[in-house]
Amino acid sequence: MDKPLHHPLFNVYLHLGSNVGDRLGNLLKAKFLIQKKIGHIQSLSEVYETEAWGKTNQASFYNQAIHVLTRMTAYEVLDTIHDIENILGRKRNEYWGPRTIDIDILFFENEVVNSKNLTLPHPRLQERNFVLVPLSDIAADFIHPILDKSITELRKLCADTLQVKLMSE
């Protein structure tokens, strides 16, 4: 009798953001769908509020980082997060525009990918406090595979001046 195929578990770090509608509810729905469709959520950061980055004349974002264990490839995760964004009403009308939910892959294991559809690690995470602060809650010692610095070190070096406020404050 053949043994069933065993697919390895991969560590993936995702960043969630929402600035349209029920921001906290949108994060909650996204986490539910991620757990259902991608894999087990190992840990999650606190929720933070941050002014919009890039295109600043819009509502502030609620942001959260999560660590997921998955049997999917990075490309399968990417396709699935696009499905989840669509389910939750994400409209891709304008670059850096308002959105019900935005889900980005920050890291997939230590993979480095530069393709038309996927860049890993996320190419600008080291420039953004709204990503680094929540990520440091759950992966402070994770070493960026290209920059060879921990998330804590990247946070100290980040020149971003936008305030990242813990939601319980």
Side-chain angles (χ1 to χ4, degrees), residues 11-70 72 74-108 113 117-140 142 144 151-152 154-155 157-169:
N11 291 288
V12 59
Y13 290 92
L14 302 176
H15 182 266
L16 284 59
S18 174
N19 78 333
V20 171
D22 177 4
R23 297 173 293 178
L24 215 46
N26 293 337
L27 295 180
L28 199 59
K29 289 174 192 168
K31 289 179 286 190
F32 173 80
L33 291 169
I34 288 165
Q35 178 102 6
K36 185 176 176 185
K37 296 174 174 284
I38 296 175
H40 180 70
I41 296 176
Q42 287 292 103
S43 57
L44 37 90
S45 74
E46 299 287 346
V47 175
Y48 294 89
E49 185 173 20
T50 312
E51 297 168 40
W53 196 93
K55 188 174 186 314
T56 57
N57 61 340
Q58 57 182 313
S60 62
F61 277 83
Y62 283 7
N63 296 294
Q64 188 170 35
I66 64 173
H67 171 205
V68 180
L69 279 179
T70 187
M72 294 179 157
Y75 287 97
E76 290 169 333
V77 170
L78 181 66
D79 288 343
T80 305
I81 62 177
H82 285 157
D83 290 343
I84 291 169
E85 289 175 335
N86 290 334
I87 289 167
L88 296 179
R90 165 99 189 245
K91 304 280 185 259
R92 295 178 185 276
N93 298 335
E94 65 180 298
Y95 198 62
W96 285 338
R99 53 212 107 148
T100 53
I101 195 71
D102 180 34
I103 307 170
D104 289 324
I105 303 173
L106 302 177
F107 296 107
F108 189 94
V113 176
N117 298 327
L118 181 62
T119 303
L120 291 172
H122 189 286
R124 290 171 300 283
L125 72 89
Q126 68 276 6
E127 301 166 8
R128 299 172 172 178
N129 277 330
F130 72 87
V131 174
L132 292 170
V133 171
L135 188 57
S136 66
D137 281 357
I138 60 171
F142 187 89
H144 192 294
I151 300 307
T152 300
L154 291 175
R155 191 172 161 193
L157 296 169
C158 185
D160 182 7
T161 57
L162 286 184
Q163 292 300 305
V164 179
K165 192 174 92 179
L166 186 62
M167 278 307 303
S168 64
E169 290 179 350

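Since this is a predicted model, take the numbers as computed values, not measurements.
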A.B. asks: Go through the steps for Val77 and Thr80 under the test side-chain contact (heavy atoms from CB on, under 4.5 Å), then give the verdict.
C.D. replies: CA-CA 5 Å; Val77 170; Thr80 305; 5.7 Å; no
A.B. asks: Looking only at heavy atoms, which two atoms of Gln126 and Leu132 are closest? And how far apart?
C.D. replies: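 Taking every non-hydrogen atom into account, O-CD1, 3.7 Å.
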A.B. asks: Would you check if His122 and Arg128 make a side-chain contact, meaning some heavy-atom pair closer than 4.5 Å?
C.D. replies: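 His122 vs Arg128: side chains touch.
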A.B. asks: Restricting to non-hydrogen atoms, name the atom on Val131 and the atom on Leu125 that form the minimum distance, rounded to 0.1 Å.
C.D. replies: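 The pair with the smallest heavy-atom distance is CG1-CB, 3.9 Å.
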A.B. asks: In Å, rounded to the nearest 0.5 Å, how long is the span from CZ of Arg99 to CG of Leu88?
C.D. replies: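 Those atoms lie 14.0 Å apart.
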A.B. asks: Could you state the interatomic distance from CG (Asn63) to OG1 (Thr50), rounded to the nearest 0.5 Å?
C.D. replies: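 Reported to 0.5 Å precision, the distance equals 4.5 Å.
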A.B. asks: Just verifying a value: how many Å separate Ile101 CD1 and Leu16 CG, rounded to the nearest 0.5 Å?
C.D. replies: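 Reported to 0.5 Å precision, the distance equals 4.5 Å.
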A.B. asks: I'd like to know if the side chain of Asp160 reaches the main chain of Asn129, judged simply by a donor and an acceptor atom lying under 3.5 Å from each other, with no hydrogens or angles considered.
C.D. replies: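 Answer holds: yes.
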A.B. asks: Quick one, Leu14 and Ile105 - any side-chain contact, counting heavy atoms below 4.5 Å?
C.D. replies: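 Side-chain contact under 4.5 Å: yes.
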A.B. asks: Where is the tightest heavy-atom contact between Thr70 and Ile38, given as atom of each residue plus distance?
C.D. replies: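 Looks like OG1-O, 2.7 Å.
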A.B. asks: Please examine the side chains of Phe107 and Ile151, heavy atoms only from C-beta on, and report whether any two atoms are closer than 4.5 Å.
C.D. replies: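 They are in contact (side-chain heavy atoms under 4.5 Å apart), so the answer is yes.
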A.B. asks: Determine, step by step, whether Ile34 and Ile103 satisfy the side-chain contact (heavy atoms from CB on, under 4.5 Å) criterion, reporting the C-alpha distance in whole Å, the side-chain angles of both residues, the deciding distance to 0.1 Å, and the verdict.
C.D. replies: CA-CA 10 Å; Ile34 288 165; Ile103 307 170; 4.2 Å; yes
A.B. asks: Quick check, are the ring centers of Phe130 and Phe61 under 6.0 angstrom apart?
C.D. replies: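 They do not qualify: ring centres at least 6.0 Å apart.
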A.B. asks: To the nearest 0.5 Å, what is the distance between CG on Asn86 and CD1 on Ile81?
C.D. replies: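 Atom-to-atom, Asn86:CG and Ile81:CD1 are 11.0 Å apart.
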A.B. asks: Using the test side chain to side chain contact (heavy atoms under 4.5 Å, CB included), find all partners of Ala74 that sit at least two apart in sequence or belong to another chain.
C.D. replies: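 Listed in chain order: Phe108, Glu111, Leu118, Leu120.
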A.B. asks: Which heavy atom in Ser60 sits nearest to a heavy atom in Arg23, and how many Å separate them?
C.D. replies: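 That would be O-NH1, 2.9 Å.
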A.B. asks: Using every non-hydrogen atom in the two residues, find where Ala59 and Ala52 come nearest and quote the distance to one decimal.
C.D. replies: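 Answer, listing the atom of Ala59 first, then Ala52: O-CB, 4.0 Å.
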A.B. asks: Run the side chain to side chain donor-acceptor pair (under 3.5 Å) test against Tyr48 and tell me which residues pass, sequence neighbours left out.
C.D. replies: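 Side chain to side chain donor-acceptor pair (under 3.5 Å) check on Tyr48 returns Asp137.
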A.B. asks: How close do Pro134 and Ser45 get, counting heavy atoms only, and between which atoms?
C.D. replies: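 The answer is O-CB, 3.1 Å.
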A.B. asks: Do Leu69 and Asn11 pass the side-chain contact (heavy atoms from CB on, under 4.5 Å) test, and can you show the C-alpha distance, the side-chain angles, and the key distance before you say yes or no?
C.D. replies: CA-CA 5 Å; Leu69 279 179; Asn11 291 288; 3.2 Å; yes
A.B. asks: Would you give me the side-chain donor-acceptor pairs under 3.5 Å for residues 24-33, sequence neighbours excluded?
C.D. replies:
{"residue": "Asn26", "atom": "ND2", "partner": "Ser18", "partner atom": "OG", "Å": "2.9"}
{"residue": "Asn26", "atom": "ND2", "partner": "Val20", "partner atom": "O", "Å": "2.7"}
{"residue": "Asn26", "atom": "ND2", "partner": "Asp22", "partner atom": "O", "Å": "3.2"}
{"residue": "Asn26", "atom": "ND2", "partner": "Thr100", "partner atom": "O", "Å": "3.1"}
{"residue": "Lys31", "atom": "NZ", "partner": "Gln64", "partner atom": "OE1", "Å": "2.8"}

A.B. asks: Calculate, to the nearest 0.5 Å, the distance between atoms CE and CD belonging to Met167 and Glu46 respectively.
C.D. replies: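 These two atoms lie 11.0 Å from each other.
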A.B. asks: Are more than 12 heavy atoms from other residues, nucleotides or ligands located less than 6.0 Å from atom CD of Gln35?
C.D. replies: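 Yes.
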A.B. asks: What distance separates Asp79 CG from Ile84 CD1, expressed to the nearest 0.5 Å?
C.D. replies: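 So the gap between those two atoms works out to 11.0 Å.
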A.B. asks: Assess whether side-chain contact (heavy atoms from CB on, under 4.5 Å) is satisfied between Ile87 and Lys37, documenting all intermediate values.
C.D. replies: CA-CA 12 Å; Ile87 289 167; Lys37 296 174 174 284; 3.9 Å; yes
